[in-house]
Structure formats: structure tokens, C-alpha cells
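Only one structure is covered here, and it is reproduced in the block below.
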Amino acid sequence: SDTDLYKEVVEYLMKGEGIDDSKIISIHDSFYQIYIRQISYGKKTCIGYLIEFIDRTLEKKYYKQIEEYNVSLEKEVAEKTANILHIKDMMVLGMAEMVESRDSSTGGHIKRTSGVIKVFSSKLQEYGDQLHIDETFLQQVVKAAPMHDLGKIAIDDAVLRKPGKYTEEEYAEMKRHAAEGARIVENILCGVEENDFVEIAKNIAHFHHEKWNGKGYPEGLKEDEIPLCARIMAVADVFDAVSEKRCYREAMPLEKCFSIISEGSGQDFDPLLVEIFMDIRDKVEAIYHEIYEEA
């Protein structure tokens with residue numbers, strides 16, 4: 001190994017590099033830092049070189065071990081963080097499904113609306129510039145969609161499970177679920193999720209019953225006053241609601257469901273979103289046909 005080290009130094013000198021500088025040379029599993037100084041006689045004459053060797057092998061191995069440890073630690077932290085987030089997401093989804101189980105008229109609503117929001121968001125990516133949104137926003141909408149009705153947990157069972165149409169007082173009670181949902185979502189997510197996602201999840205829960213013409217609830221917002229995420233959710237929510245059987249009416253065929261969305265353009269729904277939604281009709285129908293076959 002001494003011969004190899006000697007060859008490395010000679011080649012380094014022959015290249016004319018590194019004079020009055022230092023270099024790390026690797027020989028097999030060892031590392032050496034060399035300092036080369038020119039020895040001169042008078043002002044110009046070079047009579048030789050002074051070469052200093054410092055063994056850096058242990059330091060290099062130590063740094064390598066630290067690097068490997070850091071990589072391993074980062075991987076472990078990432079895996080545990082992902083696991084914690086997954087558990088949290090499952091807990092939130094579990095809460096949503098628990099709320100849904102109390103409302104006997106909306107079984108499977110979360111699964112269906114979540115599927116529709118996923119394919120809807122995929123199409124909406126093509127309109128990113130026009131809608132001033134990006135992929136991250138749409139991913140967060142998909143993630144937040146199952147939480148849109150969490151506020152129903154605060155609604156009395158006598159109202160939530162009533163097998164018939166609501167009185168005015170009961171309907172007022174039911175409408176509270178929008179504001180309650182925003183409050184519950186904030187309490188669950190604040191401090192454990194990024195602020196942007198918390199805001200999207202809150203807005204979806206709070207405003208998915210608002211209408212484009214301002215005649216929705218709870219705030220009577222209209223057009224662009226309604227957050228885009230809630231306008232997206234509103235289309236999927238109403239589509240699914242009319243597709244399912246209620247105690248006071250039969251389930252509507254998909255053809256009729258699409259007609260209701262189309263007729264609601266500019267009244268209940270954002271006209272551009274309706275146009276985009278109709279473009280994915282085949283994908284939406286596929287979701288419902290698959291679910292009906294499973295049932």
C-alpha cells in the first residue's frame with residue numbers, strides 16, 4: 001500500500017496540481033490527506049518538495065457512519081410519520097363512517113362521493129390555470145372529501161334518523177351540521193395538519209350546501225364567494241344524494257341524476273364545474289355501476 005500511495009503522490013506532482021494545497025487520497029480502505037510545499041532556493045529555483053501525510057481513515061469512517069446513521073434515521077422518521085398520518089386519516093375516516101352509520105338514509109355516501117371527487121379532481125387538473133389551482137390543492141380536496149358531513153355527529157338522532165321529510169324546525173336543526181362540521185374538522189386537524197389543508201377541509205364541511213345563486217346555507221354565499229373546494233364537493237354531494245333511495249322517494253336513475261346537475265348549472269352549481277363534470281360522465285357511471293355490482 002505504501003507503493004500505491006507513492007504512485008498517487010508522484011502522479012499528483014507530475015500534473016502540477018496541489019502545490020501549496022492539500023488533497024485527500026484514497027488507497028484501498030484508507031484515506032490520507034497530503035500537504036505539498038515547494039522548497040525553493042533563492043527566488044525561483046525549486047530544489048524539492050516537502051510532503052506531509054495525515055491519516056484520515058478513522059475520521060472518514062466516522063463521517064461515513066454518521067451519514068449512514070442519518071440516512072437510516074431519516075428513513076425511520078419518514079416511515080413512522082407516514083404511519084402516524086395513516087392512523088390519523090383512518091381515525092378521521094372512521095369517525096365519518098360512524099356518523100354515516102347513524103344516518104340510515106345515506107349508507108355508502110362517503111365511498112361514492114369520495115370516488116367521484118377523485119375522478120373529478122383528476123379532470124380538474126386540466127383546468128389548473130383557469131381555476132388558479134394546482135395538483136396539491138386537488139389532492140387535498142380528495143383527502144378532505146370524506147369529512148364533509150362530520151358535523152352530523154352533533155345533530156340529534158331524532159332528526160338525523162327521521163323516516164320522512166323534515167319540519168321547518170327539524171330542517172333548521174339539520175342545517176347546523178355545516179357549521180358544526182367546520183368546527184369539528186378544525187378541532188381534529190389543527191396542529192397536526194398543514195394550515196392549507198385544514199382550511200380546505202373546513203371550507204368543504206362548512207360550505208358544501210351553498211348554492212351558486214346564493215340560496216344555499218349556512219351563509220347564503222353566492223358564486224365565487226363560495227370556496228372552490230366546496231363548489232366541487234357540492235356537485236358530487238348532490239349527484240349522490242339524488243341517486244339514492246329515500247323514504248319519501250325512489251332512487252333516481254343515473255340519467256336523471258346527470259340531468260339534475262346539468263339543470264342546476266348557474267343556479268345550484270358553478271357552471272364551469274358542471275361542464276367539466278359532464279365531461280367525466282363515463283367515469284362517474286363506472287364508479288356507480290361497480291358499487292352496485294358489489295352490493
Taking atom [atom1] as the centre, does [X] end up with more than 12 heavy-atom neighbours from other residues, nucleotides or ligands that are less than 6.0 angstrom away?
X	atom1	result
N187	CG	yes
D282	CG	yes
E168	CD	no
E194	CD	no
I66	CD1	yes
K143	NZ	yes
K175	NZ	yes
Y127	OH	yes

Inset, instruction - Carefully, step by step, assess D149 and H208 under the rule side-chain hydrogen bond (donor to acceptor under 3.5 Å, both in side chains). - result: CA-CA 9 Å; D149 273 341; H208 68 282; 3.2 Å; yes
Lys/Arg-Asp/Glu bridge criterion (N-O < 4.0 Å) met for [X], [Y]:
X	Y	result
E173	R176	yes
E186	R183	no
E210	R231	no

Legend entry - From CZ (R56) to NZ (K61), nearest 0.5 Å: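 Between atom CZ of R56 and atom NZ of K61 there are 15.5 Å.
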Inset, instruction - Calculate, to the nearest 0.5 Å, the distance between atoms OG1 and CG belonging to T136 and D134 respectively. - result: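 Rounded to the nearest 0.5 Å, the OG1-CG separation comes to 4.5 Å.
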Legend entry - Stepwise salt bridge (charged side-chain N to carboxylate O under 4.0 Å, His left out) test for E180 and K152: CA-CA 8 Å; E180 284 295 318; K152 287 184 177 180; over 6 Å; no
Legend entry - Distance-minimising heavy-atom pair for L273 and L124: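 That would be CD2-CD2, 3.8 Å.
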Inset, instruction - Grab the two heavy atoms, one from A182 and one from A205, that are nearest each other, plus how far apart they are. - result: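 It is N-CB, 3.8 Å.
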For a 4.5 angstrom cut-off between non-hydrogen side-chain atoms, does [X] reach [Y]?
X	Y	answer
K111	D240	no
Y166	M174	yes
R281	F258	yes

Inset, instruction - Check the angle between the aromatic planes of F239 and Y288 and answer parallel, tilted or perpendicular using the 30° and 60° thresholds. - result: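 Rings of F239 and Y288: perpendicular, over 60°.
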Inset, instruction - Test L228 against every option in D224, I226, I232 by the side-chain contact (heavy atoms from CB on, under 4.5 Å) rule and name the one that passes. - result: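 Output: one option passes, namely I232.
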Legend entry - H148 and H177 side chains, donor-acceptor separation under 3.5 Å: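 H177 vs H148: no donor-acceptor pair found between side chains.
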Legend entry - Derivation and outcome, side chain to side chain contact (heavy atoms under 4.5 Å, CB included), residues F277 and V116: CA-CA 9 Å; F277 184 77; V116 170; 3.7 Å; yes
Legend entry - From CA spacing to verdict: side chain to side chain contact (heavy atoms under 4.5 Å, CB included), L254, V284: CA-CA 9 Å; L254 294 181; V284 174; over 6 Å; no
